[in-house]
Amino acid sequence: MCAYWLFKSESSVFSIADLQKSPKKTTCWNGVRNYQARNFFRDAVRKGDLVFFYHSNTDPNAIVGLCEVVKSGYGDYTALDPDSEYYDPKSTKENPLWYMVDIRFKEAFAKPLTLDQLRHIPGLENFRLLQRGNRLSVLPVTETEAHLLLAQAKANT
DNA sequence: GCCAACGTTGGC
DNA sequence: GCCAACGTTGGC
């Protein structure tokens, strides 16, 4: 049983095109410094899970493609690097405070699912991405929601 | 650039 | 443990 997730990224910081250009089309998703997101990485995101890639703070904001988790949660080493902007002295190698996962590019949608479009899809009323004030950068997607998203992406050609 | 919503910090 | 202040996120 694979689960579904949505990862947010500002396209100017790291876009799906950047992922596609990465070695083996794979990257570690580091720099998550929010406890809720951390808990997902540590306890729930598993190898084989499907990830919707979302561009935030861009125009238009949209789900732009799909990736696959290729490595479950492990210690985020940027937290150990004093030169990193993600450095956190409370984290150690033995006792990581922050976690990351690895994802591999799967597909870029021919036409991204824009935020505006998502708001009009029946069945997504409770989708966390669409909820007011939502700021979580790693969020769970239910199987029902995932199927709706995949169907819409397919229909969007 | 603005502002609402949220998470975190720190004083008490 | 409460809550005000602050910093950040993210849509517009």
Side-chain angles (χ1 to χ4, degrees), chain A residues 3-22 27-45 49-67 69 72-103 105-142 144-146 148-153 155-156:
Chain A
Y4 303 92
W5 305 93
L6 181 141
F7 291 4
K8 284 185 201 171
S9 181
E10 296 193 28
S11 58
S12 59
V13 178
F14 189 84
S15 70
I16 195 160
D18 294 326
L19 175 59
Q20 215 168 348
K21 282 181 290 189
S22 300
T27 190
C28 54
W29 202 264
N30 59 25
V32 167
R33 295 294 178 269
N34 166 285
Y35 286 102
Q36 248 186 301
R38 188 280 308 264
N39 292 347
F40 286 136
F41 275 2
R42 190 189 55 190
D43 307 329
V45 179
D49 287 356
L50 198 64
V51 176
F52 292 90
F53 197 117
Y54 177 80
H55 284 173
S56 66
N57 270 313
T58 181
D59 190 22
N61 298 319
I63 298 176
V64 291
L66 292 174
C67 318
V69 177
S72 303
Y74 61 106
D76 183 340
Y77 53 73
T78 62
L80 308 175
D81 175 4
D83 293 328
S84 168
E85 59 175 314
Y86 301 121
Y87 179 59
D88 187 339
K90 294 193 292 296
S91 192
T92 65
K93 195 162 192 287
E94 293 69 31
N95 246 324
L97 181 60
W98 303 111
Y99 284 74
M100 58 189 185
V101 302
D102 289 356
I103 59 168
F105 174 84
K106 241 176 125 69
E107 126 177 44
F109 294 150
K111 280 177 95 179
L113 302 175
T114 65
L115 191 58
D116 184 59
Q117 192 179 12
L118 295 174
R119 290 193 198 283
H120 291 96
I121 299 177
L124 291 186
E125 291 81 7
N126 295 319
F127 188 26
R128 277 183 86 164
L129 180 71
L130 304 179
Q131 277 160 27
R132 185 184 173 82
N134 163 58
R135 293 171 47 187
L136 199 55
S137 63
V138 173
L139 45 99
V141 179
T142 67
T144 311
E145 289 161 352
L148 287 169
L149 294 173
L150 293 171
Q152 188 60 52
N156 248 5

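Chain naming here is simple, since letters A, B, ... match the order of the sequence lines and numbering starts at 1 in each.
Remark: A:L149 CG to A:Q152 CD distance equals 8.5 Å, nearest 0.5 Å.
Going from atom CG of A:N134 over to atom P of C:dC12 covers 12 Å, rounded to whole Å. For A:E10 and C:dG10, the CD to P distance is 7 Å, given to the nearest whole Å. Spacing between atom OH of A:Y54 and atom P of C:dG10 amounts to 8 Å, rounded to whole angstrom units. Residue A:L130 contributes atom CG, which lies 16 Å from atom C1' of B:dA5 at whole-angstrom precision. The CG atom of A:L129 sits 11 Å away from the C1' atom of C:dG11 (whole-angstrom rounding). A:D59 has its CG atom 16 Å from the P atom of C:dG10, to the nearest Å. Here B:dT8 presents its P atom at 12 Å from CG of A:D88, a figure rounded to the nearest Å. If you measure from atom CG of A:N61 to atom P of C:dG11, you get 4 Å, rounded to the nearest angstrom.
The phosphate of C:dT9 has neither OP1 nor OP2 within less than 4.0 Å of any side-chain N or O from A:K8. Checking the phosphate oxygens (OP1, OP2) of B:dG7, no side-chain nitrogen or oxygen of A:N34 falls inside 4.0 Å.
Looking at the side chain of A:R132, the nearest of the listed nucleotides C:dG10, C:dG11, B:dA4 is B:dA4. Closest to the side chain of A:Q36, out of C:dG11, C:dG10, B:dG7, is B:dG7.
Residues A:N57 and A:K90 both approach DNA chain B. Their nearest nucleotides, taken by heavy-atom distance, put A:N57 toward the 5′ side.
Formation of a donor-acceptor pair under 3.5 Å by the A:E10 side chain with backbone atoms of A:H55 is not found in this model.
Between A:W29 and the choices A:F53, A:F40, A:Y74, A:W5, the ring pair (Phe, Tyr, Trp, His ring centres under 6.0 Å) rule is met once, by A:F53.
Checked by atom type, the side-chain pair A:D76/A:T78 shows a donor-acceptor distance below 3.5 Å.
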